[in-house]
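Within every chain, numbering begins at 1; the chains are lettered A, B, ... in the order of the sequence lines, protein sequences first and strands thereafter. Keep in mind it's a predicted model, so treat the numbers as computed, not measured.
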Protein chains: 2
Amino acid sequence: MESVFERVEPGARRAHKRHIMSCALACFDEQGLEATTIDTIRQRADSSIGSIYHHFRNKEGLVAALYFAALDDQQACMAPAMEGAATPREAVVALIHAYLKWVTEQALLARFMFRARAAVAGGPFNEGLKARNKARYGALLEWLEKGVKAGEIRALPRETYASLLIGQAENYCRAWLSGRVKGDPTSHIDVFAEAAWRSVAVTP
Amino acid sequence: MESVFERVEPGARRAHKRHIMSCALACFDEQGLEATTIDTIRQRADSSIGSIYHHFRNKEGLVAALYFAALDDQQACMAPAMEGAATPREAVVALIHAYLKWVTEQALLARFMFRARAAVAGGPFNEGLKARNKARYGALLEWLEKGVKAGEIRALPRETYASLLIGQAENYCRAWLSGRVKGDPTSHIDVFAEAAWRSVAVTP
DNA sequence: GAAGTTCTAGAATATTGTTCTAGAAAAGTA
DNA sequence: TACTTTTCTAGAACAATATTCTAGAACTTC
């Protein structure tokens with residue numbers, strides 16, 4: 001967990017900032033976003049109000065900092081997975097595998113992301129969010145273009161591909177993170193990879 | 001919209017309660033859950049603090065009331081759609097069609113549901129939520145059972161079916177409701193119905 | 001029409017996010 | 001090192017907002 005924050009806030013100097021993020025994440029996970037107060041975080045981190053506000057500006061900023069740290073880590077884990085693919089099918093399978101593995105390994109961060117997304121998207125950090133989302137599906141759309149030309153992938157409305165590929169896996173991850181299903185995402189990894197491929201392939 | 005609340009809170013007696021719900025929904029949609037204050041709702045509904053707290057106990061209760069009203073309406077619109085199906089394929093297609101139509105027609109309620117879900121699931125109304133979710137997929141799972149026995153639907157882990165069927169459509173609806181894609185859900189209705197069927201069918 | 005219940009109203013209170021000022025620690029500079 | 005500047009910590013003071021409480025109006029019931 002610390003390692004995730006060290007990517008975004010490196011150096012011994014920022015150890016305390018990372019510590020606050022760590023404690024805040026734990027509080028948010030245990031009590032929910034609204035229910036955790038700044039003072040709860042202050043106590044847990046053995047810090048001070050001034051320190052928290054200095055580093056994060058306000059509660060929303062703290063949530064956003066955690067959200068973007070999680071998003072960046074997810075991105076960093078998923079991007080390389082797809083680069084090794086030789087065919088469109090391999091790219092799709094690699095995408096789903098990487099996603100399900102990340103959620104399973106970083107359950108705390110993943111749960112936080114789902115909970116905090118609305119808050120971040122609604123606030124003043126919306127722009128940063130949009131920018132990263134564009135970059136996110138760039139590589140994938142290239143693979144799809146190739147696949148369509150090669151006759152391996154169906155030509156569908158552009159704006160539906162992302163949902164068709166990741167929607168099922170994401171839905172299951174939400175269910176798992178909130179305790180509605182038991183098996184962790186990786187335990188059905190082939191089911192979801194196969195379903196994603198069937199959804200877009202010409203001949204599944 | 002009023003008609004939706006009349007199902008849950010019927011009668012002329014409760015007109016004011018419904019009016020508060022209506023105004024609260026509009027406030028939540030325009031400013032987000034956290035940003036709208038009780039006083040904002042009071043002003044918009046031309047009501048009083050006491051009245052709001054009398055009807056809904058607290059802010060969380062108001063959110064939950066809206067959430068369950070939306071959930072019930074969605075349920076009421078989707079349940080009959082599947083009953084007319086003659087084959088597993090028809091059942092799956094009917095499910096997706098009904099879902100996408102409801103979200104498109106009740107965009108305000110649908111957006112609210114996605115935003116409020118975490119808050120409702122985290123709070124003391126969690127039990128009511130679980131109960132309704134069980135009822136929700138009951139009819140569907142029956143169809144799947146039949147389909148599996150008839151050799152038309154693949155035998156997959158039980159807990160993955162719901163995600164496989166609805167995940168893609170839901171993901172697209174989220175994207176549409178938050179402005180990330182342009183085409184409304186019904187404009188891709190066949191794409192998502194077909195993808196859902198391919199995901200679970202033996203021979204798509 | 002009287003008793004009981006539900007509903008409206010808003011002032012008072014409590015909780016909690018945020019600002020502000022002062023000083024400590026660290027980094028830069030000569 | 002000694003001085004300056006910047007960054008960070010600390011918590012009291014403040015402001016915004018959810019919630020409680022009491023009183024009375026409106027409606028139901030018998």
Side-chain angles (χ1 to χ4, degrees), chain A residues 5-6 8-28 30-67 115-116 118-120 122-125, chain B residues 5-6 8-28 30-67 115-116 118-120 122-125:
Chain A
F5 298 140
E6 263 185 57
V8 216
E9 302 290 346
R13 193 78 201 287
R14 279 173 257 201
H16 188 224
K17 185 172 185 178
R18 293 197 299 272
H19 181 237
I20 294 174
M21 290 174 79
S22 227
C23 293
L25 179 63
C27 290
F28 288 142
E30 289 165 16
Q31 318 189 328
L33 292 198
E34 288 195 47
T36 62
T37 70
I38 296 289
D39 200 63
T40 306
I41 297 167
R42 181 194 61 75
Q43 281 176 250
R44 184 163 192 149
D46 196 23
S47 181
S48 70
I49 296 180
S51 200
I52 295 175
Y53 275 85
H54 169 74
H55 285 298
F56 303 100
R57 188 180 163 86
N58 55 26
K59 190 178 175 182
E60 192 180 16
L62 174 50
V63 170
L66 283 171
Y67 186 86
R115 284 185 186 165
V120 177
F125 300 91
Chain B
F5 298 141
E6 262 185 55
V8 217
E9 301 290 347
R13 194 77 200 287
R14 278 172 258 200
H16 188 224
K17 184 171 185 179
R18 293 197 299 272
H19 181 237
I20 295 174
M21 289 174 79
S22 228
C23 294
L25 179 63
C27 291
F28 288 143
E30 289 165 17
Q31 320 189 327
L33 292 197
E34 288 195 49
T36 62
T37 70
I38 296 290
D39 199 63
T40 306
I41 296 167
R42 180 194 61 74
Q43 281 176 248
R44 183 163 195 149
D46 196 24
S47 181
S48 69
I49 297 180
S51 201
I52 295 175
Y53 275 85
H54 167 75
H55 286 297
F56 304 101
R57 189 181 161 86
N58 54 26
K59 188 177 176 182
E60 192 181 17
L62 174 51
V63 170
L66 284 170
Y67 186 87
R115 284 185 187 163
V120 177
F125 300 92

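A distance of 13.5 Å separates CG in Leu25(A) from CD1 in Ile20(A), rounded to the nearest 0.5 Å. Summarising the geometry, atom OH belonging to Tyr53(B) is positioned 12.0 Å from atom CZ belonging to Arg42(B); distances are rounded to the nearest 0.5 Å. Taking CG of Leu33(A) as the reference point, atom CG of Leu66(A) lies at 9.5 Å (rounded to 0.5 Å).
Contacts between residues 33-50 of chain B and DNA chain D, counted as heavy-atom distances below 4.0 Å, involve Thr36(B), Thr37(B), Ile38(B), Ile49(B). Within residues 58-65 of chain B, the residues that place at least one heavy atom under 4.0 Å from DNA chain D are, in residue-number order, Asn58(B), Lys59(B).
Look at OH on Tyr53(B): it is 18 Å from P on dA12(C), rounded to the nearest Å. Between the CZ atom of Arg57(A) and the P atom of dG17(C) there is a distance of 17 Å, rounded to whole Å.
If you find the closest nucleotide of DNA chain D to Arg13(B) and to His55(A), the one lying nearer the 5' end belongs to His55(A).
Cation-pi geometry between Lys17(B) and Phe56(B) is met: the NZ or CZ atom falls under 6.0 Å from the ring centre, inside 45° of the normal.
Heavy atoms only, all atoms of each residue included: Ile38(B) and Lys59(B) are closest at CD1-CB, 3.9 Å.
Of the charged side-chain nitrogens involved, at least one lies within less than 4.0 Å of a carboxylate oxygen, so that Glu30(B) and Arg44(B) count as a salt-bridged pair.
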request  = With side-chain contact (heavy atoms from CB on, under 4.5 Å) as the test, would you mind laying out the steps for Val63(A) and Phe125(A) before giving the verdict?
outcome  = CA-CA 10 Å; Val63(A) 170; Phe125(A) 300 91; over 6 Å; no
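Not one side-chain nitrogen or oxygen of His54(A) sits closer than 4.0 Å to the OP1 or OP2 atom of dT7(D). Phosphate proximity of dT9(D) to His16(A): present, with a side-chain N or O under 4.0 Å from OP1 or OP2.
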